[in-house]
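The first residue in the sequence is number 1, and the count goes up from there. Atoms considered below: every heavy atom in the structure, side chains included; atoms not considered: hydrogens, waters and symmetry mates.
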Amino acid sequence: MAKGKLAASLLEKFRALPRDVQRHWLNRYGEDAVLAMLAGAGALRPPQLAPAGDWGIWVILAGRGFGKTRAGAQWVHDLAAAGGRRFALVAPSLDAARAVMVEGESGLLALLPPGQRLSWQPASKRLIWCNGSEARLYSGAEPDGLRGGQFDYAWGDEFAHWAHGEETVMNLRMATRLGPAPRIMLTTTPLPLNWLKALLAEPGVVVTRGRTRDNERNLPKGFVGALERRFGGSITGRQELEGEIVEDLDGALWTRALIDRQRGQRPADLVRVVVGVDPPAGGGTCGIIVAALAGDGRAFVLADASIAAARPEDWARAVVAAADKWQADRVVAEVNQGGAMVTAMLKSVDAALPITAVRAARGKVARAEPVAALYAEGRVCHAGVFPALEDELCGLLVGGRYAGPGASPDRADAAVWALTALLLGDRPAVPGIREL
């Protein structure tokens, strides 16, 4: 018997005991210890097992390392065993679907039950079980890729972080319609997205919540403690370790509701495009944000091309690539960290790159306040969802403090430079029409 099946059987037997007997063991040993004994070493814990009852969507909102991927892979294998089933496997990108859901240490290939055979066809993005069950890989950045598909079941991993999450989930729900009881499993570390919260409140949606610490016995010794010492109590820790949907902070310059209100489609009449750059200090993240001015005077954030832990030549190439892709009129780069080296590095990649070097005389939060006011006035929109950037914006607090995530709001600072250049700096008197 597979470990997941064994754990489910033991849990069912425990649930069948009289309530006073259950309460006795829970009071004596504690809930965590009882659940661990029921699961057994290496087996799925009860929160990783599909809930009982009549549900259409099962959502696991949990911290990193909770075991979301393992739960998803086991769920798919258990259902595929019936034969002839059709699955959709969706991740933030096709590369992530392959690396995590299929080939990862807790993926479908690693958890193949004894006696079963599974054919993995990377070129066609397809998995085929020996009994005729089949799964296809999709990207959460390409919602239209699901059009025309029909599935019995679907597993979406890190769905809160899909570039077009709401639209992809909608298409996934429409496509998962085969068989008498189609179901969807969605796993993620949460983000405070309005559409996600609305999904959780729907009838027929069952939610499992969990923390990184819940899976401590299957993680390296000291791993959880080290992360809690570093991130405990911060926005990053509450979200990434506790699996909590973190709402707005008191005194934040930006709120989630404000950003959602200012979300819109990129207009066709872009008249000026700039790339804001906040070079990294000591190997951190290089903030690279693309923003544009539309014909009606509003600015639009178009892309977050930021790159983490990169060498100078790598982030310089990333800046030039973003400028080329979006046909930018100018790159606005902060030179407080690196001085003339920043301009020289960018010019070494593209000697013709138009660069404006800016030097910060005030702190990041002080520079951000006028830009936050532009959002409140309806003069800045986000042409898409940019989770990492938006988290940083919502971590900037009145009074000059940054509450995270991370140690420095590099993406937010790059956005501030770009939007300042578009709306608060000098602009061409007669802009030309641009088509992208």
Side-chain angles (χ1 to χ4, degrees), residues 32 45 47-48 59-72 90-93 96-97 99-101 104-107 140 156-163 165 185-197 199-200 207-250 252 254-256 259 280 283-285 287 304 306-309 385-397 401-412:
D32 290 343
R45 306 184 313 280
Q48 294 174 289
V59 179
I60 297 183
L61 294 180
R64 297 198 191 187
F66 169 83
K68 300 184 292 293
T69 303
R70 185 180 179 88
V90 191
S93 67
V100 178
M101 302 175 82
E105 292 184 359
S106 297
D157 189 44
E158 293 296 348
F159 75 100
H161 301 264
W162 295 348
M185 178 185 187
L186 299 172
T187 55
T188 193
T189 301
L191 287 175
L193 304 171
N194 286 339
W195 66 264
L196 186 154
K197 289 183 282 188
L199 173 68
L200 301 183
V207 182
T208 297
R209 300 180 185 271
R211 308 166 301 160
T212 302
R213 179 168 287 281
D214 297 341
N215 195 35
E216 185 174 15
R217 63 194 180 93
N218 293 317
L219 297 171
K221 184 178 180 180
F223 175 80
V224 176
L227 290 181
E228 288 180 343
R229 286 191 295 273
R230 171 62 181 84
F231 300 107
S234 68
I235 293 177
T236 300
R238 290 166 59 194
Q239 176 176 289
E240 303 295 326
L241 302 180
E242 301 298 322
E244 179 183 343
I245 295 180
V246 181
E247 301 293 350
D248 296 322
L249 300 172
D250 291 337
W254 278 264
T255 65
R256 310 283 179 182
I259 294 174
T285 297
D304 180 357
S306 304
I307 182 171
V385 179
F386 312 105
L389 167 63
E390 292 167 12
D391 285 351
E392 290 188 3
L393 291 173
C394 292
L396 294 167
L397 309 181
R401 190 167 69 89
Y402 176 59
S408 177
D410 307 293
R411 289 175 168 85

Has the side chain of [X] got a donor or acceptor atom that lies under 3.5 Å from a matching backbone atom of [Y]?
X: Thr212; Y: Leu241; result: yes
X: Asp391; Y: Ala388; result: no
X: Lys68; Y: Leu186; result: no
X: Glu392; Y: Asp410; result: yes
X: Gln48; Y: Gly67; result: yes

[atom1]-[atom2] distance between [X] and [Y], expressed to the nearest 0.5 angstrom:
X: Arg70; Y: Asn215; atom1: CZ; atom2: CG; result: 9.0 Å
X: Phe66; Y: Leu219; atom1: CZ; atom2: CG; result: 11.5 Å
X: Trp162; Y: Thr188; atom1: CH2; atom2: OG1; result: 9.0 Å
X: Glu242; Y: Glu228; atom1: CD; atom2: CD; result: 6.5 Å
X: Glu390; Y: Asp304; atom1: CD; atom2: CG; result: 9.5 Å

Quick check: closest heavy atoms across [X] and [Y], and the distance to 0.1 Å?
X: Pro92; Y: Asp157; value: CD-O, 3.5 Å
X: Leu396; Y: Pro409; value: CD2-CG, 3.8 Å
X: Val385; Y: Ala163; value: CB-O, 4.3 Å
X: Pro190; Y: Glu244; value: CG-O, 3.6 Å
X: Gly140; Y: Val90; value: N-CG1, 3.7 Å
X: Ala160; Y: Leu196; value: CB-CD1, 3.5 Å

Is any side-chain heavy atom of [Y] closer than 4.5 Å to one of [X]?
X: Val224; Y: Arg211; value: no
X: Leu61; Y: Val207; value: yes
X: Arg217; Y: Arg45; value: yes
X: Pro47; Y: Asp214; value: no
X: Phe159; Y: Leu199; value: yes
X: Met101; Y: Thr69; value: no

Using the test ring pair (Phe, Tyr, Trp, His ring centres under 6.0 Å), find all partners of Tyr402 that sit at least two apart in sequence or belong to another chain.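 Tyr402 satisfies ring pair (Phe, Tyr, Trp, His ring centres under 6.0 Å) with no other residue.
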
Would you please name every residue forming a ring pair (Phe, Tyr, Trp, His ring centres under 6.0 Å) with Trp254, sequence neighbours left out?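 Once residues adjacent in sequence are excluded, the partners of Trp254 under the ring pair (Phe, Tyr, Trp, His ring centres under 6.0 Å) criterion are Tyr375.
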
For atom CZ of Arg213, is the number of surrounding heavy atoms from other residues, nucleotides or ligands below 6.0 Å larger than 12?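 More than 12 heavy atoms, drawn from other residues, nucleotides or ligands, come within 6.0 Å of this atom.
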
